[in-house]
Amino acid sequence: MAKKHVKFMCTAFRDGFQSVYGTRVLPDDFFPAVEAAKNAGITYFEAGGGAMFQAPVFYMNSDPYKLMQRFRDVCGPDANLQTLARGVNIVALDSASSDVIKLHAKLFKKYGMTTIRNFDALNDVNNLIFSGKCIVEAGLKHQVVVTMMSLPPGCVGAHDPDFYEKTLRGILDAGIPYDSVCFKDASGTSTPAVVHETIKRARKMLPEGTHIQFHSHETAGCCVMAYKAALDAGADAIDLSLSPVSGGTCQPDVIVMWHALRGSDYDLDVDIDKVREAEQIFRECMKDYMMPAEALAVEPMIPWSPMPGGALTANTQMLRDNNLMPRYGEMIEAMSEVVKKGGFGTSVTPVSQFYFQQAFNNVLFGPWKKMAPGYGKMVLGYFGKTPVAPDAEIVKIASEQLNLKPTTESVLAITDRDDKKSIAACEKILKENKLPVTDENVFIIAACADKGLLFLKGEAKVNGVRKNEPVTAAAPTSAKSSSGGYTVTVNGKAYGIEIKGDKAMVNGKEYAISVADGIAAHHAAQGHAHAASGKETEVKAAVPGAVLRLSVSEGATVAEGDELIVMDVMKMETPIKAPCAGTVKSILVSQTEKVNTGDVLVVIG
């Protein structure tokens, strides 16, 4: 009996990067590995979308359109290059207007993509209808998605085969055009038994010959078993990755799955020796990047707190950015309650981010004392209908804190009514900043907001890309060095420092410095310092983050409650408001600057 050929998509260069490095990988560093994978015979790649559109702008000061085009140039004209879209959220965390959703499909077609995998985290079919139509009309293939996860133990009401069958039936009844169907489990928590039964039912429901694909992660430790269950039930394809971004928070390795299927009725149909060669090249490409320990591990807490692999390391990287990594354990523990009370939306972006943001707030500010805007709007209905009704008390708290009423109106109707989300609004921002009004620039503003504007103005910087920097060895017997080089170790981390006049090289990066006898600024270690008089009020950062924008200038008159600064805290826009009326005497931070808890931001007199 001939073996069944199993198709697979290589996720290494999109989901792999997101699940291990928080998508913070410089293009020049990894494209030799893309070419090696192509030379190994791989023709189906995940090549963009999802976090891979925002991350180049947010962290790498890199053009996401050039990134997609480069994939096409390297992989050739016949490769199936697939991207990820979040229904009406497309590649952002917030919902987009109809004209922006249409522009998304147009641009991704223009820059060489073949297929868009399109999902809604709430499994609200209404959020897939227009976006799916736009994908097909742009000339792209549409892979429509049912999102999956296991509910925390003890919870019932959704995320079982009956629920997934109902969702797929809704997609078919809505007449959404599609080329293939994917069942996507970003948290890797779906049990093999549920996967098997779900895909078995789907195979019976769908027209003969329909391509069915299953996506999961190893985060909970059962992905290889789930993939085998999916294949046994009739799936045609699975998603696999390449070392060093495989296993753990990512998909199983191609080699691991090849080995798991040996002696079975299935065959990946790859030249495994060429795959091994490609992985060797890939590991060499990534050798300088810091590998987060949590990216390599199976996490036993995941069934209770279903954090997707692609969100787990993205969030731990942001916690590292803000010196909050020691509290990660508390946050992942707190996530369980947030999931249970939020209406059982699938834990995949953007809902997974809403879950973690609310858990973050519950840990830092106290349970439900500060409602994360995304989570609050979700339980109130502004992102669509949740699989089950959210906890009534949480809905009440969200409504009070966000000053919003619950709604059942369609997401597109709400968004299209918001003038700030239209293409015209984006064009206005570009004109005000004397930037070219192009489709590409409009979409960057729509998807990336303030950070997109910084990028287009040439003011963005590479940040948060973590590499293992080489360190200059210290002199063994003296703190002084005849060459001017030193190794300074702070909190266990070594820094190679070389001083030349008024410049200091710290781990290869140049800083302007001045040195004077004595300690003139003894508060510097505590962050920004300001000697406020009795008539002045210091406005301090309540949590670590980065300054997203300044809403006032020095000398401005403000009333109590006026917005002074907006900070970016774990992808949440967090306004800092005036605690009193007065005049802005000084602003002690600048746009993009990182601040710590307790740093003085503004002084009001």
**Study point:** From CZ (Phe108) to OH (Tyr65), nearest 0.5 Å
**Key:** 7.5 Å
Exercise for review: Verify side chain to side chain donor-acceptor pair (under 3.5 Å) between Asn80 and Thr115, making sure each step is shown before the conclusion.
Suggested key: CA-CA 7 Å; Asn80 183 357; Thr115 305; 2.9 Å; yes
Exercise for review: May I ask you to check whether Phe354 and Phe383 place their ring centers less than 6.0 Å from one another?
Suggested key: yes
Check your understanding: Quick one: OH on Tyr375 to OH on Tyr355, what's the gap to the nearest 0.5 Å?
Key -> 7.0 Å
Point to revise | Exercise: identify the closest heavy-atom pair between Ile332 and Ser305 | key: O-OG, 2.6 Å
Exercise for review: Identify the residue among His215, Glu218, Met257 that makes a side-chain contact (heavy atoms from CB on, under 4.5 Å) with Gln251.
Suggested key: His215
Check your understanding: Ring centroid separation for His5 and Tyr266, is it under 6.0 angstrom?
Key -> no
**Study point:** Validation row: Ile445, Leu435 side chains within 4.5 angstrom (heavy atoms)
**Key:** no
Check your understanding: Hey, is Asp419 close enough to Lys428 for a salt bridge, meaning N to O under 4.0 Å?
Key -> no
**Study point:** Charged N-O contact under 4.0 Å between Lys228 and Asp232
**Key:** yes
Check your understanding: About how many Å separate CG of Leu453 and CG of Asn441, when rounded to the nearest 0.5 Å?
Key -> 10.0 Å
Revision key, fill the gap. Looking only at heavy atoms, the pair that brings Ala121 and Thr349 closest together is CB-O, 4.3 Å
Review point. Do you see a donor-acceptor pair shorter than 3.5 Å between the side chains of Gln317 and Tyr21?
Key: no
Review point. Where do Cys222 and Thr191 land on the side-chain contact (heavy atoms from CB on, under 4.5 Å) test, with the steps shown first?
Key: CA-CA 7 Å; Cys222 59; Thr191 64; over 6 Å; no
Exercise for review: Mark yes or no for whether His104, through its side chain, and Val91, through its backbone, hold a donor-acceptor pair below 3.5 Å.
Suggested key: no
Review point. Under 3.5 Å, side chain of Ser216 to main-chain N/O of Cys223, donor-acceptor pair present?
Key: no
Check your understanding: Taking side chain as C-beta onward, heavy atoms only, is Phe443 less than 4.5 Å from Cys426?
Key -> no
Practice item. Give, for atom CG of Asn89 and atom CG of Asp120, the distance between the pair rounded to the nearest 0.5 Å. Key: 7.5 Å
Check your understanding: Distance-only, no hydrogens or angles: does the Asp416 side chain make a donor-acceptor pair with backbone N or O of Ser98 under 3.5 Å?
Key -> yes
Revision key, fill the gap. When every non-hydrogen atom of Ala202 is compared with those of Phe183, the smallest separation belongs to CB-CZ, 3.5 Å
Exercise for review: Verify the neighbour count for atom CG of Asp173: are there more than 12 heavy atoms of other residues, nucleotides or ligands below 6.0 Å?
Suggested key: yes
Check your understanding: Do Gln18 and Met52 have side chains that get closer than 4.5 Å, going by heavy atoms?
Key -> no
Practice item. Go through Val395 and Leu380 one step at a time and tell me if the side-chain contact (heavy atoms from CB on, under 4.5 Å) criterion holds. Key: CA-CA 6 Å; Val395 172; Leu380 292 171; 3.8 Å; yes
Point to revise | Minimum side-chain heavy-atom gap Phe163-Asn123 below 4.5 Å | key: yes
Practice item. State plainly whether the residues Lys110 and Glu440 are in salt-bridge range, i.e. N to O under 4.0 Å. Key: yes
Point to revise | Donor-acceptor contact below 3.5 Å, side chain Gln358 vs main chain Ala372 | key: yes
Practice item. Kindly determine whether Thr346 and Lys184 satisfy side-chain contact (heavy atoms from CB on, under 4.5 Å), including the steps that lead there. Key: CA-CA 10 Å; Thr346 312; Lys184 175 179 170 65; over 6 Å; no
Point to revise | 4.5 Å side-chain heavy-atom contact, Leu242 and Cys10 | key: yes
**Study point:** Minimum heavy-atom distance Asp94-Lys421, with the two atoms named
**Key:** OD2-NZ, 3.0 Å
Exercise for review: Begin with the C-alpha distance, continue with both residues' side-chain angles, and end with the deciding distance and a verdict on salt bridge (charged side-chain N to carboxylate O under 4.0 Å, His left out) for Glu197 and Arg201.
Suggested key: CA-CA 6 Å; Glu197 180 62 22; Arg201 294 188 191 185; 2.9 Å; yes
Check your understanding: Has Met225 got more than 12 heavy atoms of other residues, nucleotides or ligands less than 6.0 Å from its CE?
Key -> no
Check your understanding: Under 3.5 Å, is there a donor-acceptor pair linking the side chains of Asn126 and Ser410?
Key -> no
Practice item. Could you grab the distance from atom CE of Met113 to atom CD of Gln69, nearest 0.5 Å is fine? Key: 7.5 Å
Exercise for review: Mind listing the closest non-hydrogen atom pair of Asp185 and Thr189 along with its distance?
Suggested key: OD2-N, 3.0 Å
Check your understanding: Considering residues, nucleotides and ligands other than Lys38, do more than 12 of their heavy atoms fall under 6.0 Å from its NZ?
Key -> yes
Check your understanding: If you round to the nearest 0.5 Å, how far is CG of Leu412 from OG1 of Thr415?
Key -> 6.0 Å
Point to revise | Centroid separation Phe455 to Phe58 less than 6.0 Å | key: no
Check your understanding: So, the side chain of Gln401 versus the backbone of Lys396: is there a donor-acceptor pair under 3.5 Å, distance only?
Key -> no
Review point. Can you say whether the rings of Tyr164 and His159 are parallel (under 30°), tilted (30 to 60°) or perpendicular (over 60°)?
Key: perpendicular
Exercise for review: Indicate the ring-plane relationship of Phe17 and Phe13, choosing parallel, tilted or perpendicular according to the 30° and 60° boundaries.
Suggested key: perpendicular
Study note, to complete from the structure: Closest non-hydrogen atoms of Thr386 and Gly343, given as atom of the first, atom of the second and distance, are CB-O, 3.5 Å
Review point. When the ring planes of Phe356 and Phe360 are compared, do they come out parallel, tilted or perpendicular, using 30° and 60° as the limits?
Key: tilted
**Study point:** Pairwise side-chain contact, Trp368 with Val338, heavy-atom cut-off 4.5 Å (strictly under)
**Key:** yes
Point to revise | Expected output: side-chain Ser241 to main-chain Val245 donor-acceptor under 3.5 Å | key: yes
Review point. Charged N to carboxylate O under 4.0 angstrom, Asp236 versus Arg203?
Key: yes
Check your understanding: Do NZ/NE/NH1/NH2 and the carboxylate oxygens of Lys451 and Asp568 come within less than 4.0 Å?
Key -> yes
**Study point:** Glu337 and Lys340 ion-paired at < 4.0 Å
**Key:** no
**Study point:** side chain to side chain donor-acceptor pair (under 3.5 Å) between Asn361 and Gln357, intermediate numbers included
**Key:** CA-CA 6 Å; Asn361 284 355; Gln357 288 169 343; over 6 Å; no
Check your understanding: Just by distance, do the side chain of Asp124 and the backbone of Gly384 share a donor-acceptor pair under 3.5 Å?
Key -> no
Check your understanding: Would you say Ser347's side chain and Pro306's backbone share a donor-acceptor pair under 3.5 angstrom?
Key -> yes
Check your understanding: Are side-chain heavy atoms of Gln143 and His211 found at a separation under 4.5 Å?
Key -> yes
Point to revise | Short side-chain to backbone donor-acceptor contact, Arg24 and Gly464, under 3.5 Å | key: yes
Exercise for review: Would you please test Leu430 and Leu456 for side-chain contact (heavy atoms from CB on, under 4.5 Å) and show each step?
Suggested key: CA-CA 9 Å; Leu430 292 170; Leu456 294 174; 3.8 Å; yes
Practice item. May I ask you to test the Leu172-Leu206 pair for a side-chain heavy-atom distance under 4.5 Å? Key: yes
**Study point:** Donor-acceptor pair, side chain of Arg72 and main chain of Ala79, under 3.5 angstrom
**Key:** yes
